[in-house]
Structures are given as C-alpha cells and as structure tokens.
Number of protein chains: 2
Amino acid sequence: MKLDRQTIQLAAITLLNEEGLEKLSMRTLAKALDVKAASLYFHFKNKDELMEGIAELISGRIRQRLEKVQNCDFYQLAHILREELKRVNDSPKIFENTYPFTPNRTKLIVLGMKLMQDLGVDKQHLTVAGNMGNNFVLSYVADEQYFARGTQRQMPAEFAAKFPSPIDLANPDEAFDYGLAVFIRGVQATTK
Amino acid sequence: MKLDRQTIQLAAITLLNEEGLEKLSMRTLAKALDVKAASLYFHFKNKDELMEGIAELISGRIRQRLEKVQNCDFYQLAHILREELKRVNDSPKIFENTYPFTPNRTKLIVLGMKLMQDLGVDKQHLTVAGNMGNNFVLSYVADEQYFARGTQRQMPAEFAAKFPSPIDLANPDEAFDYGLAVFIRGVQATTK
DNA sequence: ACCTGAACACCGTTCAAGT
DNA sequence: ACCTGAACACCGTTCAAGT
C-alpha cells in the first residue's frame, strides 16, 4: 500500500462518517488502509497531528468554496462553514480539540475577524466576537449531528410536555438562520 | 475505604482540577480513592454514568445558587453558570458529552427556556435560542480554561501582528459581558 | 524512504470470588 | 452489600529490524 498524508486523512474521514470519532483509532484506521498501525507514524507524528490535518483539510475545502464568492459577508461564511462541517461526522469536536493556527485555518480566522470588523465590531472586541461566531456554528453542527445520530436517550415526559414538537429539528435550516440573525443583529446592536 | 457516589464524584472533580479530563481514568480515580478500579463499577454502571453524575452535581450547585436570586433573568443565569463551570476544569466538555436530561440539569434547561420566553422569543424558536445561550456560555468557559492551561502552542507571527494584545485575555469578564450582550440584544432584535 | 513485528504502558469493563 | 483479582479486548506510541 502506498500511503501519504492525504490518503490517510481521507480514509479517516470515511471512517468518521461510517462509525464516528469514538470508533476512529490508529489501529482501525490502519486496518481500513490495509496497513499496520505503526506505519501511520511515519506520516504523522501522532494522532493529534492527524486530527489537526483533518481540520486543516476541511478548512481548505471551505477556502476553496469561498474563492467563488465575491463580497463575502459573515452570513455566507457561516453557511459554507456549516455545510462543510456537516460533510464530516464529528468535525466540530475535531475543530474544538486541535490547534487552530494551521495555514488554511488561520486564513479563515483572519477572514472571520475582518467580517466582524465589517459588521462594525470595535477593535477590542474582535476576537471575542470572532470566537463567538465560530463557536455558534460549531455548536450548531455538533447538535445537528448529535440528533442525526438518533441514538440519544429520550427526553423526560415532564420536558416533552412543556416543549412539544421543537421546530428546530424539523426545520434545521430555518433555525440556523434564526441563530445567525440573532448573532449578527446582536453584534450590530452592541456596537457603540 | 467507604465509597459512595458523591465521594467518587468529588474525588473525580479534584482530579479534574489537578490534571484535566485527559488524565482522568477509572484507574487513576480508583487509585486516588485508594481502591481498585473494579470497585467503582459497583456505584456507577460505567464511565459515562460517572461523567453524567458530575454534570448533574454541578447543575445542583447552580440550582442552589439560583434559589437565592429573585427575579432571575438570563444575564444572571449566564453569570452563575459560568462561575460554577469554571470551578471544575473541563466541565464544558463533560456537559457537551453527557446526556442532558438528568433531574437538576433538566430543571436548568426548563428555566433557560422560560428566560428565553421572558426575552420575547417566539415559541417555535425557544429551543434554538436556549441551546444558543447554553452553547455560548459553555464555549466561553471552554476557551477560558484552554487559555488558562497555558500549554497551547503559539499563534503564528502573521496573526499576532494583525491582532495584537487581544483584550479578552486580559479582560475576560468584560469580554464575557460583551458576548452576553450580543446574545441578549440579538434575541430581542430578532423578535417580531 | 517507507513499512512491520513486537513490545510497553496504558485504557474501560466484566465477573467469579472473597468478606 | 460491597470490594477485589484476574482477565479480556482494546488503546497510542516507540523502535529495532526489514525491504
């Protein structure tokens, strides 16, 4: 088997979409590639570096899509981010648990900051606002994937009675736009 | 050694604050309690149930503090939530990865929903808004604890040059209030 | 340069057996 | 009722050895 970093990362993504992050081990990944676990360590220093590579790969996909968008605003960035995160099961957890300043990802962070500036955020709150926008999308996709899994335990009857038919599950796109609007309008309203 | 669920949970919290979630295993926990790992399984079905118990214990602390607050609004809830989460290292990750509908935690969720209603959120967006508020605080504390750890790798020079001295790190309380204001005003602005 | 065999030091979990 | 010894099936990682 001829390995390289990208082959390994793509195989890992396939495994994530089939089984989820918990089932992804260096050994299962090696097995899927018909290779021994130790071989992976020739291409990646350790598992963390592999995860970092996956986040970086996804960031590259996002940047590629952004190139085709002129006059990008935060609304569009958030939508593309959500869509690409959804393509990889458990990607929000991977993003949360890896070092963020890899090349493509850094460029996305810088773009996010610029878009915050465009929304009128003052300089001293750029990073807070940027983190908040990023965390909103990550958490939203994490919740979506959690419910898509369908393996959760039930809500207690007490709760289900009080909040019947939560529309977000039926209308995830509308709910995402609602949350996004909350964030964007909130940022605008909080600018002096 | 005389064990019970609470003793185990408190020992786990101590270990979290000393070493973090990654170092917390059933075996290290047992060692800290001067007991064998298998003993823990008499009190908890598995590690997940133990983590769930820790989140539930923290939720109980929050509820206790909320009892002393009259006319609680979301601003106050968010502050108390943040403070209690900060008392336990990696608590945001624990909350994210456990089943949420345990008794005390369910009551907090119901309260959160009610406070969203007080802010004027329409019925069909209650759960989205509630999740968003919850995720905001969780993510914020996760970031705070990440930076408090101090073991992160450096930002690239390119980035540090563009965004010098991020005030959020120096002024975490002010930054939290900023984010909270963004959320609250955004919710109000997005109500028809 | 790239891969493997074999090992090391860990995990979570189970369960018959002890008290 | 509560705890343990001993095992099972896993992990991530290293490194001398092979090609």
Side-chain angles (χ1 to χ4, degrees), chain A residues 1-56 89-90 93-99 149 151-153, chain B residues 1-57 89-91 93-99 149 151-153:
Chain A
M1 188 58 177
K2 195 62 188 167
L3 285 185
D4 58 34
R5 287 174 67 98
Q6 191 175 217
T7 310
I8 296 170
Q9 286 161 355
L10 292 176
I13 287 176
T14 302
L15 231 49
L16 284 171
N17 286 338
E18 285 168 0
E19 305 271 11
L21 183 57
E22 290 199 352
K23 296 286 180 68
L24 175 63
S25 70
M26 297 303 267
R27 293 169 127 100
T28 58
L29 177 56
K31 191 156 286 176
L33 287 161
D34 205 31
V35 99
K36 300 298 158 188
S39 312
L40 302 175
Y41 288 84
F42 182 82
H43 301 277
F44 293 94
K45 184 165 120 282
N46 52 34
K47 194 181 180 183
D48 275 352
E49 195 185 282
L50 168 59
M51 300 309 262
E52 199 178 293
I54 293 171
E56 174 64 1
N89 192 22
D90 285 326
K93 280 186 190 169
I94 294 173
F95 273 71
E96 277 160 24
N97 292 307
T98 48
Y99 173 75
R149 248 173 166 85
T151 51
Q152 340 81 32
R153 279 185 267 167
Chain B
M1 188 57 177
K2 194 63 190 164
L3 286 185
D4 59 32
R5 287 173 67 99
Q6 193 178 210
T7 311
I8 295 171
Q9 286 161 355
L10 292 176
I13 288 176
T14 302
L15 231 50
L16 284 171
N17 286 338
E18 286 168 1
E19 305 271 11
L21 183 56
E22 290 198 351
K23 295 287 180 70
L24 175 64
S25 70
M26 298 303 266
R27 293 167 128 101
T28 58
L29 178 54
K31 191 155 286 174
L33 286 161
D34 205 32
V35 98
K36 301 299 160 187
S39 312
L40 302 174
Y41 288 83
F42 183 82
H43 301 276
F44 293 95
K45 183 164 121 282
N46 52 35
K47 194 181 181 182
D48 275 351
E49 195 184 282
L50 168 59
M51 300 310 261
E52 198 178 292
I54 293 171
E56 174 65 1
L57 188 154
N89 192 23
D90 285 326
S91 58
K93 280 186 191 169
I94 294 173
F95 272 71
E96 277 161 24
N97 291 307
T98 47
Y99 173 75
R149 247 174 165 86
T151 51
Q152 338 82 31
R153 281 185 264 165

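Quick caveat: nothing in here was measured; it's all calculated off a predicted structure. Each chain gets a letter, A, B and so on, in the order the sequences are listed, and its residues count up from 1.
- Taking 4.0 angstrom as the limit, B:Ser39 places a side-chain polar atom (N or O) nearer than this to OP1 or OP2 of D:dT4.
- Each of C:dC11, C:dT14, D:dA1 was ranked by its minimum atom distance to the side chain of B:Thr28; first place goes to C:dC11.
- A distance-only check finds no donor-acceptor pair linking the side chain of B:Asp90 to the backbone of B:Gly20 [under 3.5 Å].
- Between A:Lys36 and C:dC3 there is no side-chain polar atom (N or O) within less than 4.0 angstrom of OP1 or OP2.
- Contact of the B:Leu10 side chain with the B:Leu57 side chain is registered, since non-hydrogen atoms from C-beta on lie closer than 4.5 Å.
- The OH-C1' distance, from B:Tyr41 to D:dT4, rounds to 14 Å in whole Å.
- Using a cutoff of 4.0 Å between basic side-chain nitrogens and carboxylate oxygens, A:Arg5 and A:Glu49 are scored as salt-bridged.
- Spacing between atom CE of B:Met26 and atom P of C:dT14 amounts to 10 Å, rounded to whole angstrom units.
- Side-chain atoms of B:Thr7 and B:Asp4 include a donor-acceptor pair closer than 3.5 Å.
- The side-chain heavy atoms of A:Leu50 and A:Leu40, taken from C-beta on, include no pair separated by under 4.5 Å.
- Put simply, CD1 on B:Ile8 is 11 Å from P on D:dC2, counting in whole angstrom units.
- Rounded to whole Å, atom P of C:dC10 lies 13 Å from atom CD of B:Glu19.
- Taking side-chain N and O atoms only, B:His43 has no distance below 4.0 Å to OP1 or OP2 of D:dA1.
- Protein atom CG of B:Leu33 is 11 Å distant from nucleotide atom P of D:dT4, rounded to whole Å.
- Here the side chain of B:Arg27 is nearest to one of C:dT13, C:dA7, D:dC2, namely C:dT13.
- Atom P of nucleotide D:dT13 and atom CD of A:Glu49 are separated by 11 Å, given to the nearest angstrom.
- Computed from coordinates, the B:Lys23 NZ to C:dC11 P distance equals 10 Å when rounded to whole Å.
- The NZ atom of A:Lys47 sits 8 Å away from the P atom of D:dT13 (whole-angstrom rounding).
- When both pairing distances are held under 3.5 Å, C:dT14 makes a Watson-Crick or G-U pair with D:dA6.
- Closest contact between the side chain of B:Ala38 and the listed nucleotides C:dT13, D:dT4, C:dA1 involves D:dT4.
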